[in-house]
Number of protein chains: 2
Amino acid sequence: MTRKSQDANGSTIRDVAARAGVSASTVSRVLGGDYPVSTATRTRVLRAVRELDYVADARAKAVAGVGTPTLAFVLEDITGPSFALMAHGVEREATRLGHLCLVCSTEGDVQRELDFIETMRAQRTAAVILVGGTADTPEYRERTRRIADSLASAGSRLVLCGRPPLGPGAPVTVIEYDNEGGAYALVAHVLAQGHQRILFLGGKPHHATAQGRERGYLAAHRARGLDPDPELLLHGDFTRDSGHRLMRLALSRKLEFTAVVAATDMVAAGALTALHEAGLDVPGDVSLAGYDDIPFARDLYPALTTVHVPYEELGRLAVRTALGRTAESPDEHLLLGTHVVVRDSIAAVTS
Amino acid sequence: MTRKSQDANGSTIRDVAARAGVSASTVSRVLGGDYPVSTATRTRVLRAVRELDYVADARAKAVAGVGTPTLAFVLEDITGPSFALMAHGVEREATRLGHLCLVCSTEGDVQRELDFIETMRAQRTAAVILVGGTADTPEYRERTRRIADSLASAGSRLVLCGRPPLGPGAPVTVIEYDNEGGAYALVAHVLAQGHQRILFLGGKPHHATAQGRERGYLAAHRARGLDPDPELLLHGDFTRDSGHRLMRLALSRKLEFTAVVAATDMVAAGALTALHEAGLDVPGDVSLAGYDDIPFARDLYPALTTVHVPYEELGRLAVRTALGRTAESPDEHLLLGTHVVVRDSIAAVTS
DNA sequence: CGGCGTTGGGCAACCGGTTTCCACGCCGTA
DNA sequence: TACGGCGTGGAAACCGGTTGCCCAACGCCG
């Protein structure tokens, strides 16, 4: 409670100065670099620093304008493999560019997301990266645009990663990947194997990512002059359990299909297990495909045919474009390509 | 370059004060809470805040001693499922306790780890959580102890999560889980099914976690009066590719075994794929077990028998004990239990 | 009507750094 | 010997907040 010094807290620059017999400015200068300081003084200061195990308070430096820049990363749940991949990309690139990396899971709670972004604005982070699909409603656009403006006026930057864009004029960087195109290619591939009735295990009806993939599924059919049976279109979410549940549902309903396309690999994993549990052979009895190409896809049995999404690259790109933006460069909107990777879970129909 | 105000940066408390026609202290007080302020003044201030979209700079608050506390989380690679689980636990508990969460992947680079910890000390984080096994060498202990002291003297706290403890006296919180016991139980289970020659797909020889699991493997044999064939002990790392490679190696060497125990589920996944590729049936021809019980374990085919480790809980506990520690409570050392979860990948030998 | 307690709000010090500006001593040179 | 320039280092202002202290105005009561 006295003037302070040996508290549980680290020592201050003044403590170091006192011990070295110089002023605080001098300590700052020998630590800071470029200003000329005599060798004798420098030595004394450095010794004091070592003896006190001193490290300058990064928050104070930040206030003074020379802090470590930081960037924030907010997602629904780091536990999902594709999220983890993106997180990895973000984190790598961030530290490569000398930035710290704050992370927050929203657990899908919009309010938490809002609160967190406000906190990040207070932290003066260089950028806030929002990742993961969501419903593309007018309300979403308006809310997100407000966030973007607010962040921009604080000198920060909003990045949407795999999220619906906001339309022109919003100070936002958008990095997307092609959901519709990927699904189109994948379903076209399945159709080309002779399958006619393809069960689609989709996500939430309003979820933008889910919609994109569903559109691809439909478009691929139409391109062949086919009109898929609406019964074959099931909706759930992007989890393993959803896939498992939906697959059992389809089986119990005795729907007719020779192939299953799942909206994500996680969904496919759940579906695959359900098929196995029902004693069905994949791809002998039923073919199966996923979407995302998470690392585990190749260790499923049979190895899963799926659509590769460059998630890690997505993350890297997000921070690179967000940080690399020059003062008034135009707002960027990137659309990354996807491609189907053929493995063993799809067979040609024999008949 | 003038006196500032409408820069790209957010507005300051003085801007708000000016606009509301009060002093900065008053603004701080209406925002801060408890100090009595007249309704009229409060209204004016709040309006100014709204009009300027003002948020107090969190870094400045931190310097003044009322900042948002932060905690750091350093691991090798967020991409590993068990790491992701722990990260999730840490993140959840941290935000529950009102802390921000910094994250950094070291990619296994000791120097990066050191640098990052130093940065965290500068950030004055409430705690630094180091997670993931590593080699338990004297050099490790000494280095880590220095870090712990250094952090402690800065009022921060080091938490070792699934890492070798440092021995008594170090200002450290250690949260471990039982590697040897889990492996012992698992291997005992496999032996009880009648298997005599069990291939062990281990990790790096000096890696503490790997050693613990290997010890369990050996102890379970000895408890039955068995002495495992040294040929059956293979070493790699904890990745899927290592499991794949080692399994192929074992097959090409024509080693004799009826069961495989992998040091992690990832290793098991790689091994399983290698077995499938070789045309072997699991568990018909070969039984297989893993360790970790990552979410994917049940979607492998056959569903993987493995040892459950409460990773998410581990993460939650790490932050709770680190933050909950009262001034001079004794340094804690928790050892969490594990248990084997039996699925379909192990069959009894028919002989 | 005057003393007094309460309320509301400004000034200034402080948090821990950085940086501008200036003073001082020493040197070389005219 | 006087003077100008350079090499060093300190004092003080600043970054953007919070808070202790003090004072003015107001209402209440005697």
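The model shown is predicted, which means the values in this text are computed figures rather than measured ones. Just so it is clear: chains get the letters A, B, ... in the order the sequence lines come, proteins before strands, and each one is counted from 1.
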Indicate, with a heavy-atom threshold strictly under 4.0 Å, whether V66(B) touches base, sugar-phosphate, or nothing.
-> sugar-phosphate
Picking from dG9(D), dT18(C), dC15(C), the nucleotide nearest the side-chain atoms of T41(A) would be dG9(D)
What is the distance, rounded to the nearest whole Å, between atom CG of D34(A) and atom P of dG7(D)?
-> 15 Å
If only side-chain N and O atoms of K61(A) are considered, is one of them under 4.0 Å from the OP1 or OP2 phosphate oxygen of dT18(C)?
-> yes
What is the distance, rounded to the nearest whole Å, between atom CD of Q123(A) and atom C1' of dG17(D)?
-> 13 Å
Is a donor-acceptor contact shorter than 3.5 angstrom present between the side chain of T12(A) and the base of dC15(C)?
-> no
Distance in angstrom units between L31(B) CG and dT19(D) C1', rounded | 15 Å
Return the 5'-most residue of the pair S23(B), A60(A) with respect to DNA chain C, ranking by each residue's nearest nucleotide.
-> S23(B)
Look at the side chain of R29(A) against the base of dT20(C) and say whether a donor-acceptor pair falls under 3.5 Å; ignore hydrogens and angles.
-> yes
Is any side-chain nitrogen or oxygen of Y35(B) closer than 4.0 Å to OP1 or OP2 of dG10(C)?
-> no
Output yes when at least one side-chain N/O atom of S25(A) is less than 4.0 Å from OP1 or OP2 of dA11(D), else no.
-> no
Any Lys/Arg nitrogen of E142(A) or R145(A) sitting under 4.0 Å from an Asp/Glu carboxylate oxygen of the other?
-> no
Is Y140(B) reaching over with its side chain to a backbone N or O of P164(B), donor-acceptor style, under 3.5 angstrom?
-> yes
Which one, dG17(D), dC15(C), dT18(C), comes nearest to the side chain of I13(A)?
-> dT18(C)
Phosphate-side-chain proximity, T26(A) and dG9(D), N/O vs OP1/OP2 below 4.0 Å | no
Determine, for E176(B) against R163(B), whether the closest basic-nitrogen to carboxylate-oxygen distance falls under 4.0 angstrom.
-> no
Residue mapping more 5' on DNA chain C - nearest nucleotide basis, P36(B) or R124(B) | P36(B)
Assess whether atom CZ of R124(A) is packed by more than 12 heavy atoms of other residues, nucleotides or ligands within 6.0 Å.
-> yes
Ion pair D34(A)/R29(A), N-O distance below 4.0 Å | no
Does R59(B) make a side-chain donor-acceptor contact with the base of dG17(D), cut-off 3.5 Å?
-> no
Classify the nucleic acid contact of V37(B) as base, sugar-phosphate or nothing, counting any heavy atom under 4.0 Å across all strands shown.
-> sugar-phosphate
Distance check: side-chain N/O of S38(B) vs OP1/OP2 of dT7(C), anything under 4.0 Å?
-> no
Y54(B) side chain N/O closer than 4.0 Å to the phosphate oxygens (OP1, OP2) of dG17(D)?
-> yes
What's the CG-C1' distance between D57(B) and dG17(D), to the nearest Å?
-> 8 Å
